Amino acid sequence: MDPITRLGVVGCGLMGSGIAEVAARSGIDVRIAEATPDTAEAGRRRITDSLDRAARRGKLSEEHRDQARARLSFTHDLSDMADRQFVIEAVAENRDIKTDVLRVLDKAVADPTAILATNTSSIPVVDLAVATERPGQVIGMHFFNPVPVQRLVEVIPALTTSQETVQRTRDFAGQLSKQPIQAADRSGFVVNALLVPYLLSAVRMVESGSARPDDIDQGMELGCAHPMGPLRLLDLIGLDTAQAIAESMYDEYKEPLYAPPALLRRMVAAGHLGRKSGRGFYTYDA
Ligand code: CAA
């Protein structure tokens with residue numbers, strides 16, 4: 001199969017902007033859809049800042065940075081995805097929103113063999129696949145935050161996904177210099193099935209007063225050589241995203257282990273979402 005040269009990314013939040021950046025740096029033309037001019041501008045700024053940082057750190061020449069930037073275009077209209085060979089949706093972790101996006105993309109993308117991938121971390125891929133008329137070409141492609149740094153991509157075929165789609169998606173991950181692993185379409189796949197109970201346990205530890213956030217994080221950073229402790233990591237992921245993932249996993253398994261603790265829910269209700277809102281378990285400069 002020929003490499004992908006025209007990618008669509010729907011949603012330019014933390015994950016979408018990272019995916020778009022990595023693809024543009026890999027020489028791919030990337031069209032990004034965002035709902036409003038303000039969110040598109042915020043997404044563009046996030047990518048530009050990240051490219052500038054990579055250039056400053058000597059990971060990217062100024063020429064390559066400018067070329068990557070020139071490969072990015074923005075739209076508010078999903079019908080502009082008509083000529084794309086591969087589209088990844090990275091909108092909010094909400095089943096109804098993702099289903100709507102997949103349904104609209106299915107109509108918008110002209111080539112019936114083009115692949116529609118979802119960056120969900122916990123919603124059944126098959127539910128999204130059957131909302132389209134191309135269930136054989138719908139697949140999960142789950143990236144990790146920060147996308148430019150983490151090398152892993154989970155590839156999740158639904159029961160309906162064709163073997164050719166799986167192979168093209170694995171090849172595409174390679175084109176982005178990512179390492180794919182494959183997992184069954186079960187909420188949480190491999191990484192979140194292991195990671196989320198650990199993160200929620202750390203929240204319960206804070207909730208019960210067993211230890212303070214900084215002591216818990218230092219425990220895992222200095223004792224187990226994790227690059228960041230669980231509460232710092234929750235702040236990076238976003239507490240609202242973590243809550244949504246935990247809810248989907250609880251919905252699937254009914255295991256108390258996956259139930260979002262009350263403290264997490266209250267922090268989300270208060271708007272303490274982590275780095276992106278300036279406050280979570282820690283506070284951050286704007
Ligand atoms: N974009 C691009 N590059 C970044 C970056 C970003 N947002 N953040 C950090 N980096 C790069 C830096 O440029 C730096 O690169 P060099 O060493 O080559 O110069 C390198 O990463 C290290 O960065 P820093 O020195 O600034 O900071 P650090 O050493 O503390 O690393 C970190 C920051 C990469 C985030 C590291 O702490 C880490 O890997 N943390 C764990 C992250 C993790 O577990 N992610 C998975 C989350 S789960 C998920 O995403 C799935 C889900 O569904 C919830």
Side-chain angles (χ1 to χ4, degrees), residues 11-26 42-43 45-60 64-65 68 88-94 98 117-125 140-156 176-181 183 186-200 202-203 217-218 220-222 224-249 252 258 260 264 268 273-276 280-282 284-285:
C12 199
L14 275 183
M15 300 306 286
S17 59
I19 296 166
E21 178 190 338
V22 167
R25 285 171 68 168
S26 306
R45 207 173 316 119
R46 196 176 292 117
I47 300 174
T48 305
D49 288 351
S50 186
L51 286 170
D52 285 345
R53 186 163 76 159
R56 265 199 316 275
R57 288 190 176 232
K59 291 188 202 164
L60 193 65
H64 283 124
R65 175 200 60 192
I88 305 174
E89 77 70 23
V91 298
E93 190 72 2
N94 173 294
K98 285 191 186 289
T118 169
N119 181 53
T120 185
S121 40
S122 56
I123 297 169
V125 180
M141 192 175 192
H142 182 216
F143 291 81
F144 290 81
N145 189 7
V147 181
V149 179
Q150 311 297 353
R151 285 200 53 226
L152 185 70
V153 169
E154 287 177 315
V155 171
I156 304 100
L176 300 178
S177 305
K178 300 290 181 199
Q179 177 64 48
I181 61 169
R186 301 281 181 278
S187 190
F189 318 130
V190 170
V191 174
N192 279 347
L194 295 170
L195 180 66
V196 170
Y198 156 71
L199 298 179
L200 299 182
V203 177
D217 283 335
Q218 282 196 48
M220 296 311 290
E221 289 160 17
L222 305 180
C224 297
H226 286 198
M228 53 184 17
L231 301 160
R232 264 187 260 285
L233 182 53
L234 275 165
D235 276 359
L236 176 73
I237 292 168
L239 271 57
D240 50 341
T241 302
Q243 178 180 314
I245 296 170
E247 278 167 352
S248 291
M249 294 178 69
E252 175 113 323
Y258 298 121
L264 182 64
V268 171
L273 307 181
R275 282 193 192 188
K276 63 183 165 190
F281 289 97
Y282 300 92
Y284 303 87
D285 293 337

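Order of appearance sets the numbers: ligands from 1, and atoms from 1 within every ligand. Here the structure is a predicted model, which is why all the values come from computation and not from measurement.
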Chemist: Report the residues that fulfil salt bridge (Lys or Arg N to Asp or Glu O under 4.0 Å) with D52, sequence neighbours left out, ordered by chain and then residue number.
Modeler: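 Salt bridge (Lys or Arg N to Asp or Glu O under 4.0 Å) check on D52 returns R65, R69.
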Chemist: Using side-chain contact (heavy atoms from CB on, under 4.5 Å) as the criterion, list what pairs up with A54, not counting sequence neighbours.
Modeler: R25, K59, L60
Chemist: Please determine whether the number of non-hydrogen atoms from other residues, nucleotides or ligands lying under 6.0 Å from atom CZ of R186 exceeds 12.
Modeler: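 No, because the 6.0 Å sphere around CZ of R186 holds 12 heavy atoms or fewer from other groups.
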Chemist: Under 4.0 Å between a side-chain nitrogen and a carboxylate oxygen: does that hold for D240 and K276?
Modeler: yes
Chemist: Quick one: ligand 1 N/O to protein N/O pairs below 3.5 Å?
Modeler:
from, atom 1, to, atom 2, distance (Å)
ligand 1, 1 (N), R53, NH2, 3.3
ligand 1, 3 (N), R53, NH2, 3.4
ligand 1, 7 (N), R53, NH2, 3.4
ligand 1, 8 (N), R53, NH2, 2.9
ligand 1, 10 (N), R53, NH2, 3.4
ligand 1, 13 (O), R57, NE, 3.4
ligand 1, 13 (O), K59, NZ, 3.0
ligand 1, 15 (O), K59, NZ, 2.8
ligand 1, 18 (O), K59, NZ, 3.2
ligand 1, 19 (O), R57, NH1, 2.6
ligand 1, 39 (O), Q150, NE2, 3.1
ligand 1, 45 (N), N145, O, 2.7
ligand 1, 50 (O), N145, N, 2.9
ligand 1, 53 (O), H142, NE2, 2.9
ligand 1, 53 (O), N192, ND2, 3.0

Chemist: Can you list the residues that meet the side-chain contact (heavy atoms from CB on, under 4.5 Å) rule with I181, with sequence neighbours excluded?
Modeler: L152, E154, V190
Chemist: Assign the ring pair Y282 / Y284 to parallel, tilted or perpendicular, where the plane angle (0 to 90°) is split at 30° and 60°.
Modeler: perpendicular
